[in-house]
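Naming convention: chains lettered A, B, ... in sequence-line order (proteins, then strands); numbering from 1 in each chain. Quick note: numbers below take in every heavy atom, side chains included, and nothing from hydrogens, waters or symmetry partners.
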Number of protein chains: 2
Amino acid sequence: MQTFTEENYLKTIFFLSIDIEVWVSTNALAESTNTRAASVSDMLKRLAEKGLINYQKYRGVRLTEEGERLALLVIRKHRLWEVFLAEKLQFGWDEVHVIAEELEHIRSERLVEKLDAFLGHPQFDPHGDPIPDADGQMPAFRYRKLSEINEGNTVIVTGVSEHSSAFLQHLDKSGIMLGCQVKVQEINRFDKSIHVLIDNQQTVFISHEVAKNLLVK
Amino acid sequence: MQTFTEENYLKTIFFLSIDIEVWVSTNALAESTNTRAASVSDMLKRLAEKGLINYQKYRGVRLTEEGERLALLVIRKHRLWEVFLAEKLQFGWDEVHVIAEELEHIRSERLVEKLDAFLGHPQFDPHGDPIPDADGQMPAFRYRKLSEINEGNTVIVTGVSEHSSAFLQHLDKSGIMLGCQVKVQEINRFDKSIHVLIDNQQTVFISHEVAKNLLVK
DNA sequence: TATTATTTTTAGGTTAGTCTAAATTTTTTA
DNA sequence: TAAAAAATTTAGACTAACCTAAAAATAATA
Ligand SMILES: [Mn+2]
Ligand SMILES: [Mn+2]
Ligand SMILES: [Mn+2]
Ligand SMILES: [Mn+2]
């Protein structure tokens with residue numbers, strides 16, 4: 001049985017080891033969990049003790065099978081609750097993450113499965129992220145970033161890699177949402193900002209910074 | 001901002017001061033929260049410090065206005081989540097309490113209000129308990145216990161004063177649920193057990209212990 | 001009312017999770 | 001490859017929430 005804090009560490013380690021394929025460093029964890037490196041070292045000892053991570057001093061850390069299973073379960077709960085909040089309670093996609101950060105720790109296997117069924121076994125959360133199944137299986141999609149698309153090409157927005165409400169609200173204002181069609185009309189050679197045509201309707205200006213966080217197919 | 005534990009203490013004090021109109025004792029709290037009296041003394045100092053209770057050493061404790069407001073908000077959340085679990089996710093009324101004990105601590109005003117709207121502003125939870133409104137107002141119903149009903153009378157089951165799954169499953173087996181009609185056919189003079197006719201269909205035997213925990217009108 | 005019993009509080013200790021400051025190890029660079 | 005820089009761990013402290021054992025206050029009883 002893990003504490004909320006332990007679950008959050010596992011989740012953070014999981015996401016960090018996707019980005020950087022190697023061992024996760026103490027400093028990276030400190031950064032992501034908003035704590036100090038000393039506190040992380042402390043916690044890593046505890047998680048290793050429980051068999052949830054492989055921890056080598058001064059080297060870094062990786063999840064064990066059990067640790068990864070638990071991380072994926074928390075991610076499953078997080079994303080299912082986000083779907084519930086967005087679809088059933090009409091929350092905006094910019095609001096759901098903060099609340100799901102709390103709901104993801106509710107402990108009840110039956111609750112997760114019943115929630116999943118109630119929502120119609122959704123495959124993706126409101127940000128386009130895939131929802132792991134009850135066994136922790138999750139499709140490893142290869143997304144491309146909008147910033148990698150060449151002039152003249154048309155793609156579909158399938159997700160975002162940044163979940164802050166500031167970013168999502170900015171997308172709302174620009175009229176960009178999941179599933180919309182985006183045609184790259186012109187790329188500025190100087191700052192890599194782009195003009196895109198959305199759903200064949202309005203043309204919008206998008207900075208490189210934003211384009212990097214838009215996932216498309 | 002209160003911790004989960006503090007919220008649980010407030011809720012417990014609230015319920016104990018309904019039962020016994022006077023000051024709530026340290027021992028009563030220790031009993032209800034499954035802790036030792038020494039730990040309760042500790043916590044009471046902290047809650048008093050925060051202005052959530054009036055605490056007089058060796059006397060006992062009462063909620064302040066703010067403390068009562070917070071207690072009622074937690075109770076509101078608890079009961080709304082119980083309705084969600086029972087009505088939307090098809091949990092049995094014997095299963096919802098344990099899960100709601102966790103969900104009641106999720107902090108988001110907007111979530112409570114949206115959940116309330118999604119459920120259609122329910123007035124009662126699956127056990128027949130009234131749900132406080134957003135301002136903490138809650139109808140103070142006077143229920144009678146089935147054990148106080150005289151032979152020959154017919155009443156409607158409106159609630160239960162015991163929420164253990166053992167008790168609720170026992171009621172399920174006896175075919176007793178909220179809203180059903182119960183006629184007291186015969187009261188045993190020796191052990192006060194009774195024979196009741198349910199919805200004019202089957203006759204069931206009910207012990208005094210069970211009858212005391214059935215609320216009727 | 002004096003003594004005993006009960007209730008409650010205080011004293012001192014533990015664990016999880018955090019912190020700062022100092023020590024140690026690893027990495028980088030000259 | 002030796003010195004400097006960066007990353008990491010250890011040492012020592014703090015808070016919330018609990019514990020046991022002992023002391024103090026209140027209540028009950030002879
Ligand atoms: Mn999220
Ligand atoms: Mn998401
Ligand atoms: Mn309940
Ligand atoms: Mn209830």
ask   = Which of these passes side-chain contact (heavy atoms from CB on, under 4.5 Å) with B/Trp81: B/Ile99, B/Val112, B/Leu115?
value = B/Leu115
Heavy atoms from other residues, nucleotides or ligands near CZ of A/Arg59 exceed 12 (cutoff 6.0 Å) = no
key: Pairing residues for B/Val74 by the side chain to side chain contact (heavy atoms under 4.5 Å, CB included) criterion, not counting sequence neighbours   = B/Glu7, B/Lys11, B/Glu104
message = Between B/Asp191 and B/Ser193, is the side chain to side chain donor-acceptor pair (under 3.5 Å) condition met? List the steps.
response = CA-CA 5 Å; B/Asp191 66 0; B/Ser193 63; 2.8 Å; yes
task = Starting at atom CG of B/Leu44, determine the distance to atom C1' of C/dT7, rounded to an integer number of angstrom.
result = 14 Å
key: A/Thr26 side-chain N/O to D/dT9 phosphate OP1/OP2 under 4.0 Å   = yes
ask   = Any idea how A/Phe118 and B/Phe84 line up, ring-wise: parallel (<30°), tilted (30 to 60°), or perpendicular (>60°)?
value = perpendicular
ask   = Hey, does the side chain of A/Asn27 come within less than 4.0 Å of D/dA6's phosphate (OP1/OP2), counting only N and O?
value = no
query = Nucleotide by nucleotide, 5' to 3', does protein get under 4.0 Å of the base (B), only the sugar-phosphate (S), or neither (-) in nucleotides 14-28 of chain D, counting heavy atoms?
reply = --SBBBBB---SS--
key: Euclidean distance, atom CG of residue A/Leu29 to atom P of D/dT9 [Å, nearest integer]   = 10 Å
ask   = Does atom CD of A/Glu209 have more than 12 heavy-atom neighbours from other groups under 6.0 Å away?
value = no
query = When we call it a touch if two heavy atoms are under 4.0 Å apart, what does B/Ser41 touch: a base, just sugar-phosphate, or nothing?
reply = base
query = Within this structure, what is the CG-to-C1' distance between A/Leu47 and C/dG17, rounded to whole angstrom?
reply = 12 Å
task = Starting from P on D/dT8, measure out to CD on A/Gln56 and report it in whole angstrom.
result = 14 Å
message = In whole Å, I'd like the distance from the CD atom of B/Glu31 to the C1' atom of C/dT6.
response = 15 Å
